[in-house]
**Student:** 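Got a structure for you, written out below as structure tokens; questions coming shortly.
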Amino acid sequence: MKRFILFSLFNFSVVISLFSQSNFKNGYVITNEYDTIYGQIDFRTDNLNAQTCKFRKEENAEVTQYNPGEIAGYLFTNEGKYYVSHTITLDSIKNTVFLEFLVQGYLNLYYYPKDNGYYFFENSNGEMIPITKKTDEITYDNRTIVDKKYQGVVFYALRDDLPLVERTSKLQFDRKSMIEITNEYHNDMCQTGEKCIVFENDFKKKFTTFDFTAFSGYELNYV
């Protein structure tokens, strides 16, 4: 029993230590005066990236931690991940966070990783329209209740494009689907032929993933 407790504590401490380690990637921060400072930024999970930006000008340099609002945003160069400071309102509470900027166009699209995730449409008036989805529920008779209210919110946000909103009833609540429908809305509404900007890259192929095993508690993979 004593060995088991010691083994568990060892695994726990190793995992905590692993997740506390830094993972600096090339990028730059954008000051509130919109100056660009190049260097390296600690690339962490979606939740941590939304809370803070740890920046250094070069390897072994002093690390500066920026909170939302202290800078306009930051970007990982190779990973294509772009975050901007933005004030959002959820459950009647205002909070300034780093939103991941996914698409810039007739509607801007952002992502915030709270609960099951929130997507935000921002229109030309600066209105921020939050979109989220509740966790599916399993009833006593083994039926699955799926929350589809988000489709109605997307319908409202894209209501100027009637052919497109007819497809919202089949819209999935995932990053790929939200990016695609935002792109299509821009292409339908844009009369000048300008393409919208998609900031997201396939960062998962370049990031470190963690697989937990029964033996050591974790396994580190570089993909």
Side-chain angles (χ1 to χ4, degrees), residues 30 34 46-47 49-50 68 72-139 143-207:
I30 305 167
Y34 294 99
D46 284 345
N47 280 305
N49 288 341
Y74 67 95
L75 184 143
F76 294 99
T77 307
N78 295 327
E79 289 71 22
K81 300 277 280 184
Y82 180 30
Y83 292 86
V84 294
S85 291
H86 220 304
T87 299
I88 59 175
T89 302
L90 295 177
D91 300 323
S92 301
I93 299 174
K94 283 189 176 183
N95 194 18
T96 301
V97 299
F98 286 123
L99 293 181
E100 185 178 353
F101 203 163
L102 297 180
V103 177
Q104 182 183 39
Y106 261 67
L107 280 178
N108 293 333
L109 178 66
Y110 305 91
Y111 176 72
Y112 182 58
K114 180 182 179 181
D115 300 328
N116 289 335
Y118 280 82
Y119 294 95
F120 286 87
F121 283 127
E122 182 183 32
N123 60 28
S124 58
N125 297 322
E127 179 187 10
M128 295 284 283
I129 304 171
I131 302 162
T132 192
K133 178 181 180 296
K134 294 181 180 179
T135 302
D136 296 345
E137 295 182 18
I138 306 298
T139 64
R143 291 185 300 112
T144 302
I145 300 177
V146 180
D147 177 25
K148 294 187 177 181
K149 291 181 180 178
Y150 69 92
Q151 295 174 344
V153 181
V154 176
F155 185 103
Y156 166 78
L158 308 182
R159 60 192 181 280
D160 295 333
D161 189 348
L162 291 179
L164 186 61
V165 296
E166 292 178 356
R167 294 163 42 197
T168 56
S169 61
K170 297 181 180 179
L171 181 69
Q172 299 299 307
F173 187 78
D174 58 51
R175 187 179 299 246
K176 181 175 182 293
S177 300
M178 297 299 291
I179 288 176
E180 286 180 351
I181 201 166
T182 307
N183 278 333
E184 290 183 49
Y185 176 81
H186 175 85
N187 292 334
D188 289 346
M189 301 300 292
C190 182
Q191 303 298 317
T192 61
E194 296 175 352
K195 291 186 177 180
C196 56
I197 301 173
V198 179
F199 295 105
E200 186 199 51
N201 201 345
D202 194 2
F203 70 97
K204 292 182 180 179
K205 293 183 178 179
K206 303 176 183 179
F207 197 96

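Just the heavy atoms: all of them, side chains too, but no hydrogens, waters or symmetry mates, feed the values below.
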**Student:** Quick one: pull up NZ in Lys134 and OH in Tyr150 and give me the separation to the nearest 0.5 Å.
**Tutor:**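 That separation rounds to 14.5 Å.
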**Student:** Taking side chain as C-beta onward, heavy atoms only, is Val153 less than 4.5 Å from Ile129?
**Tutor:**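 Contact flag for Val153/Ile129 side chains = yes.
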**Student:** Between the main-chain N or O of Glu127 and the side-chain N or O of Asn125, is there a donor-acceptor pair closer than 3.5 Å?
**Tutor:**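 No, because the side chain of Asn125 does not come within donor-acceptor range (under 3.5 Å) of the backbone of Glu127.
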**Student:** Check whether Ser85 reaches the backbone of Gly73 with its side chain - one donor and one acceptor, N or O, closer than 3.5 Å.
**Tutor:**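 No, the answer is negative, given that no donor and acceptor are paired below the 3.5 Å cut-off.
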**Student:** Taking all non-hydrogen atoms of both residues, which atom of Asn47 and which atom of Pro113 are closest, and how far apart?
**Tutor:**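 It is OD1-O, 2.8 Å.
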**Student:** Find out whether Asp147 and Glu137 are in side-chain contact, i.e. whether some heavy atom of one side chain is under 4.5 Å from a heavy atom of the other.
**Tutor:**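 Answer no - side chains too far apart.
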**Student:** Provide the closest heavy-atom pair for Met178 versus Thr182 in the form atom of the first, atom of the second, distance.
**Tutor:**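 Here Met178 and Thr182 meet closest at O-OG1, 2.7 Å.
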**Student:** Does any pair with a residue in residues 101-121 pass side-chain hydrogen bond (donor to acceptor under 3.5 Å, both in side chains), and if so which ones, sequence neighbours excluded?
**Tutor:**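 Passing the test, one end in residues 101-121: Asn108-Glu122, Tyr110-Glu122, Asn116-Thr135.
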**Student:** One thing to verify: whether Asp161 and Arg167 come together as a salt bridge, which I'm taking to mean a side-chain N less than 4.0 angstrom from a carboxylate O.
**Tutor:**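 Salt bridge: no.
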**Student:** Atom CG of Asn183 and atom CD1 of Ile197: how far apart are they, to the nearest 0.5 Å?
**Tutor:**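 Rounded to the nearest 0.5 Å, the CG-CD1 separation comes to 11.0 Å.
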**Student:** Hey, what do you get for OG (Ser177) to CG (Leu171), rounding to the nearest 0.5 Å?
**Tutor:**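 Between atom OG of Ser177 and atom CG of Leu171 there are 5.5 Å.
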**Student:** Minimum heavy-atom separation for Pro130 and Leu90, please, with both atom names.
**Tutor:**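 Closest pair (atom of Pro130, atom of Leu90, distance): CB-CD2, 4.3 Å.
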**Student:** So do Phe120 and Ile131 actually touch side chain to side chain, heavy atoms under 4.5 Å?
**Tutor:**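 No; the side chains remain at least 4.5 Å from each other.
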**Student:** Aromatic ring centroids of Phe98 and Tyr83 under 6.0 Å?
**Tutor:**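 No - the distance between ring centres of Phe98 and Tyr83 does not fall below the 6.0 Å cut-off.
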**Student:** Quick one: OH on Tyr82 to CZ on Phe101, what's the gap to the nearest 0.5 Å?
**Tutor:**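 Answer for the OH-CZ pair, Tyr82 versus Phe101, is 6.5 Å.
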**Student:** Quick one, Val103 and His186 - any side-chain contact, counting heavy atoms below 4.5 Å?
**Tutor:**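 A side-chain contact is absent here, since even the closest heavy-atom pair is not under 4.5 Å.
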**Student:** Indicate yes or no: at least one non-hydrogen side-chain atom of Asp160 is less than 4.5 angstrom from one of Met189.
**Tutor:**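 A side-chain contact under 4.5 Å exists here.
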**Student:** Check the pair Ile88 / Met128 against side chain to side chain contact (heavy atoms under 4.5 Å, CB included), numbers first and verdict last.
**Tutor:** CA-CA 8 Å; Ile88 59 175; Met128 295 284 283; 4.3 Å; yes
**Student:** To the nearest 0.5 angstrom, please state how far the CG atom of Asp136 sits from the NZ atom of Lys148.
**Tutor:**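 Answer for the CG-NZ pair, Asp136 versus Lys148, is 9.5 Å.
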**Student:** Please list all pairs meeting salt bridge (Lys or Arg N to Asp or Glu O under 4.0 Å) that have one or both residues in residues 149-159, counting only residues at least two apart or in different chains.
**Tutor:**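 Qualifying pairs, neighbours excluded: none.
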**Student:** Run the side chain to side chain contact (heavy atoms under 4.5 Å, CB included) check on Thr168 and Ile181 step by step: do they pass?
**Tutor:** CA-CA 9 Å; Thr168 56; Ile181 201 166; 4.1 Å; yes
**Student:** Please assess Leu158 against Leu107 for the test side chain to side chain contact (heavy atoms under 4.5 Å, CB included), listing each intermediate value before the final yes or no.
**Tutor:** CA-CA 9 Å; Leu158 308 182; Leu107 280 178; 3.4 Å; yes
**Student:** To check you understand the geometry: which heavy-atom pair defines the closest contact between Tyr74 and Asn49, and what is its length?
**Tutor:**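 Result for this residue pair: OH-O, 2.6 Å.
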**Student:** Would you sort out whether Leu99 and Val97 count as a side chain to side chain contact (heavy atoms under 4.5 Å, CB included), showing the intermediate values?
**Tutor:** CA-CA 6 Å; Leu99 293 181; Val97 299; 3.6 Å; yes
**Student:** Could you give the distance from CD (Glu100) to NE2 (His86), rounded to the nearest 0.5 Å?
**Tutor:**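 Spacing of CD (Glu100) from NE2 (His86) equals 14.0 Å.
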